[in-house]
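Okay, so here's the structure we're looking at.
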Amino acid sequence: MATHPMHGWVPRQVTADKVTTAMDGDINPFTKKPLSATYKKILEARKKLPVYGYMEEFYRIFNETQITVMVGETGSGKTTQIPQFVAYSDLPHLKGKMIACTQPRRVAAMSVAKRVADEMDVELGKEVGYSIRFEDMTEPGTTFLKYMTDGMLLREAMNDPSLARYSTIILDEAHERTLATDILMGLLKDICKNRPDLKVIVMSATLDAQKFQRYFGTEKKLAPLLKVPGRTHPVEVFYTQEPEPDYVEAAIRTVLYIHQAEDPGDILVFLTGEEEIEDACRKIKIEADELASQDPHVGPLMCVPLYSSLPPQQQQRIFDPPPKPRRPDGPPGRKVVVSTNIAETSLTIDGIVYVVDPGFSKQKVYNPRIRVESLLVSPISKASAAQRAGRAGRTRPGKCFRLYTEKDYIKELEEQTYPEILRSNLANTVLELVKLGIHDLVRFDYCDPPAPETIMRALELLNYLAALDDDGNLTALGSMMAEFPLDPQMSKLLITSPEFECSNEILTIVSMLSVPNVFLRPPNQRKEADAAKALLSIPEGDHLTLMNIYNSYKQNEHDKNWAWNNYLSARALMQADNVRNQIQRIMERLDIDLTSRTVTGPRFYDNIRKTLVCGFFMQVAHKEGERNAYKTVKDNQAVSLHPSCGLDTNPEWVLFNEFVLTSKSFIRTVTAIKPEWLLELAGNYYDLKQFPAGETKSALQRVLNKQLGRQIQGNGESGAPDARKKKKQKTDHQAQGGYSTPPAVQGYATPPAGTARYSQHRPQAS
DNA sequence: GAGCACTGC
C-alpha cells in the first residue's frame, strides 16, 4: 500500500514543499481516492494564479499567528485557494473540525464552493459544501470546507458562541463591510482570546488592510499582512475638466462620444436607480440610431438596462453579444449596459472595455433621531471608484471616464464607503448581540463603533417590545424573538399572534412583508395594474391585502399565469412562500401554536389588526388636518399615505410598515387601527403622562376620557379609576431573563423610566 | 398621487 500523502504531517506545521508534493501526487489525501485527470488539468491552471506563488509565505504567517490579514486584488485567486491551503494545514478531516469561508452573497458562496469541490476532486456537498439560507449543502461529519454567507455564520454563532466546530474561519470580502461581517469581526476577535486553537483570516480586496491590521493587532504590533497582487489589465482613467451639472446628461454624451471615437468594446455606465436607467437607455437608443443614420462610420448600438428588480430573464440580456454590423464590411456593433451598483460587486460582465462613472450611487442612510432608514443619492468612495474602473480591465486594457474633476476625486471622495453598521437601524443586530451574550453593547469592540444614539434607539425599541427588561437583560420573549430571521417587530407579532387566534394569518403577513414588492406596474399598463390590485385589496388595510394576495396565489397555484395576469411578481410570491415555510418551521420548533379563527369577516380582521398593534405600536400616525395629512406619533413627523396605499378612506389612526423619504415623506403599507387598541395593547408606550403635547395626545386623551366616562356611568363611582390598571399583570411572555449584568446602556440616556415598559397584549374579553 | 441601491438571516 502506498504511503498516505499526509503521513507524519503535524497540523499547522506543514510547509509549502510538502503541500505541493501532496497536490502533485496521485492520491487525494483527503479521500484517499485516486486523483482524476480533470483534477490534474485544473491544478495546472491553479498554479498560474498569483496566490499560488505565495504559498510559502502564507504558511510562514499562518502557522505562526492566530489572526492573519490578507489583501488580494481581483484575480489573485484568494477565495478559491486560501481555504484549500488552510485545509492542508489544519487537516480538518482528521480532527472533525471545519474550515469556514464567509461571503457576503449567496450566489458567491454557492459558485465558489462548486469550483473548489471540482478543484479538490470531490463531490459538492461532501468534503466541500456550502450553507446559505434555505439551502444547506453540507454533510455533517464529512464536510470540512464550508463556504457560507456571513449572515449564516452569525446565526450559527448564536447557538454556538465559541464557534467550536471550526478550526479556522476566513472572512472573505471584508472590505465590503457588511453588517454581518463587522459583527463577526468583533466576535472573532473576542473568541480568539479564549480559543488559542482557532485561527482567523480576514481577506480584503482593497489596500485598506492597515485598518484591519490595527484592529486585529495589539497596541504595539499590527496583525501580520499577506499581500498578493491581482491579475487584471491596466485601465486608463480620464477626468472631466469641469464639474458636470447634470450627470445623467453627461453620461449619455460620454457614451455617444465613445461610440463614435473609440475602438470596439462594450460600455458599462453606472447610474443610481431604475427610473434613471430606463430613461437614459431610451435617450441613448434614440441618439445612437440618429448618429448611425447620419454617419456611415458609426456602427449599431444596443442599450441594456440592469438593476436587481428586473426579471431574471431580462437581466440575462447583459450577456447577449453586441449587435452585428449592418453590412458585412460595416462598422462593428457595440453593447452598452446601464446599471446600478449591482454591476460593481454582484455581477460581472465580460467584454467591458469602457466604464462611464458619474460618481454617484444610492446609499442607505439611517437617522436615529427620527428612526428612519432612507435611500439617498450620494457621492461614491475612492474604493468604489477603483472597483468601477476595474470593471473595464477584465478582458483587456480598458478606459474609465469619470464624470468629475480629478481635484474633486482627490478632495471630495471618501477613501472607503461608510460601513453598513454606521448606516443602519440596529434593532435586529442589538438583539442578536444580546442573545450572543454581549451585554455592554456600547463598549463592544466594533471595528467602527456606531453612534451611541443608534444603539440607544435599538435598546429602546427592544425594551418597549419586552425583548429586553429595564436593565437591558434578554427576556424569555426576547430570546424567542432572536430565533427568527426577522425584524424584532415582526417576531413579536408572530409570538403574540396565538393569543389573538390568527397566527397563520400573521405568519403570512410577516412573510409578505419580508420579500420585495409584489406589485408590478409596467409603465404602459398602469391603469390595468392598478385595477387588478384594487380587485384584491381589502379596505381595512394593506397588511390584510397582502394576506389576501398570498391566499389567492396559493388557491390559484395550478394556474401558472395567475400572478402575471394580476400584475403580481411571481418571483416575489415564491420567495414569500419560501420564507413562510422557514418561519413556520421555527414557530413549530418554538411551540408557537398555528391557529386561525373559523369565523371570518370584520371581527376576524379586528384580531389581525390588533396583533399588528402589538408589534408596530411605535409606527403609528394620526390624521391631523384635512385629507392626507398625518403626523407620526411621538416624533410628530408630517407624513402622507403613499399613493400605493389601498385604503378607501383616510382613517384617523393608521399603523404603517415603512417610512419612505422620496419626493415627500410617505408611510407605506398602512392599516387602519383604533386608538383604544393603542391604549389597551401598548399602554406603556401610550402612557399619556409621558406623551409630548400635541393633537395626538389630545385625541388619545379624549378616547381615554370617554372610556373613563363610560366606566363612571357604568358602575356609578365618583372617583375615576385608571382604566388600564387591571391590565398590569404581566403575561407569561414577559418572564425575566436569566442575566444579572449591569444595564447595557450605562452612561447613556435611557428611555423615559416608568413602571415596566412592556406592551400589554392580552385581548379584551369580548 | 409615486417608486425597490444592494445584500443577508
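Predicted, not measured: the structure shown is a model, and the values here were computed from it. Chain naming here is simple, since letters A, B, ... match the order of the sequence lines and numbering starts at 1 in each. Just so you know, these numbers use all the heavy atoms, side chains as well, and skip hydrogens, waters and symmetry mates.
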### Separation of B/dC9 P from A/Met587 CE (nearest whole Å)
21 Å
### Task
Could you tell me whether A/Asp487 contacts a base, only the sugar-phosphate backbone, or nothing, with contacts defined as non-hydrogen atoms closer than 4.0 Å?
nothing
### Message
Could you tell me if the side chain of A/Glu528 sits less than 4.5 Å from the side chain of A/Tyr567, heavy atoms only?
### Response
yes
### Task
Would you mind classifying the nucleic acid contact of A/Thr178 as base, sugar-phosphate or nothing, using non-hydrogen atoms under 4.0 angstrom?
nothing
## Note on the structure
In whole angstroms, the gap separating C1' of B/dG8 from CG of A/Asn578 amounts to 14 Å
### Message
Show the nearest heavy-atom pair for residues A/Ala466 and A/Thr475, with the distance to one decimal.
### Response
O-OG1, 2.7 Å
### Summary
Assert: residue with more 5' nearest nucleotide on DNA chain B, out of A/Ser644 and A/Leu306, is A/Ser644
### Message
Measuring from the side chain of A/Lys364 (C-beta onward, heavy atoms only), which nucleotide among B/dA5, B/dA2, B/dG8 has the closest atom?
### Response
B/dA5
### Message
Between A/Glu415 and A/Lys382, does any side-chain N to carboxylate O distance fall below 4.0 Å?
### Response
yes
### Query
Out of B/dC9, B/dA2, B/dT7, which has the shortest distance to the side chain of A/Arg106?
B/dC9
### Residue of the set A/Arg585, A/Arg155, A/Arg589 for which salt bridge (Lys or Arg N to Asp or Glu O under 4.0 Å) holds with A/Glu483
A/Arg589
### Message
Evaluate A/Ser361 against A/Gln363 for side-chain hydrogen bond (donor to acceptor under 3.5 Å, both in side chains), listing each step before the verdict.
### Response
CA-CA 6 Å; A/Ser361 70; A/Gln363 286 168 33; 3.0 Å; yes
### Distance, rounded to the nearest Å, where A/Tyr366 contributes OH and B/dT7 contributes P
23 Å
### Message
Both A/Val518 and A/Leu486 contact DNA chain B. Taking the nearest nucleotide for each, which residue is further toward the 5' end?
### Response
A/Val518
### N/O (side chain, A/Thr149) to phosphate O (OP1/OP2, B/dC9) under 4.0 Å
yes
### Query
Which part of the nucleic acid, if any, lies within reach of A/Tyr307 when heavy atoms closer than 4.0 Å are counted: base, sugar-phosphate only, or nothing?
sugar-phosphate
### Query
What is the nucleic acid contact for A/Leu154, judged by heavy atoms within less than 4.0 Å: base, sugar-phosphate only, or nothing?
nothing
### Task
Give the rounded distance in Å between these two atoms: CG of A/Asp182 and P of B/dG8.
17 Å
### Task
Please state how far atom NZ in A/Lys664 lies from atom P in B/dG3, giving the value in whole angstrom units.
11 Å
### Query
If you check every side-chain atom of A/Met152, which of B/dT7, B/dC9, B/dA5 has the closest atom?
B/dC9
### Query
At under 4.0 Å between heavy atoms, what does A/Arg105 touch on the DNA or RNA strands: base, sugar-phosphate, or nothing?
sugar-phosphate
### Query
Nearest to the side chain of A/Arg526, which nucleotide is it out of B/dA2, B/dT7, B/dG3?
B/dG3
### Task
Can you tell me the distance, in whole Å, between the CZ atom of A/Phe519 and the P atom of B/dG1?
20 Å
### Summary
Per the under-4.0 Å heavy-atom filter, residues of residues 412-428 of chain A near DNA chain B come out as none
### Distance, rounded to the nearest Å, where A/Leu179 contributes CG and B/dT7 contributes P
16 Å
### Query
Quick one, which residues of residues 267-284 of chain A touch DNA chain B with a heavy atom under 4.0 Å?
A/Thr272, A/Gly273, A/Glu274
### Query
Looking across every strand, which nucleic acid part, if any, lies under 4.0 Å from A/Arg521 by heavy atom: base, sugar-phosphate, or nothing?
base
### Query
Hey, are the side chains of A/Thr417 and A/Ile380 touching, using non-hydrogen atoms and a 4.5 Å cut-off?
no
### Query
Taking OP1 and OP2 of B/dA5, is either one under 4.0 Å from a side-chain nitrogen or oxygen of A/Ser361?
no
### Query
Under 4.0 angstrom, heavy atoms only, what part of the nucleic acid is A/Thr340 near: base, sugar-phosphate, or nothing?
sugar-phosphate
### Query
How would you list, by chain and number, every residue that makes a side chain to side chain contact (heavy atoms under 4.5 Å, CB included) with A/Glu658, sequence neighbours excluded?
A/Val660, A/Arg668
### Query
Checking all strands, does A/Ile342 fall into the base, sugar-phosphate, or nothing category for heavy-atom contacts under 4.0 angstrom?
sugar-phosphate
### Message
Tell me which one of A/Leu306, A/Val255, A/Ile284, A/Val304 satisfies side-chain contact (heavy atoms from CB on, under 4.5 Å) with A/Val338.
### Response
A/Ile284
### Query
Atom CG of A/Asn428 and atom CG of A/Leu486: how far apart are they, to the nearest 0.5 Å?
8.0 Å
### Summary
Separation of B/dG8 atom P from A/Arg177 atom CZ, nearest Å, is 19 Å
### Task
State plainly whether the residues A/Glu173 and A/Arg105 are in salt-bridge range, i.e. N to O under 4.0 Å.
no
### Message
Strictly below 4.0 Å, N to O, side chains only: are A/Arg282 and A/Asp279 in salt-bridge contact?
### Response
yes
### Nearest to side-chain heavy atoms of A/Pro643, which nucleotide of B/dG8, B/dC6, B/dG1
B/dG1
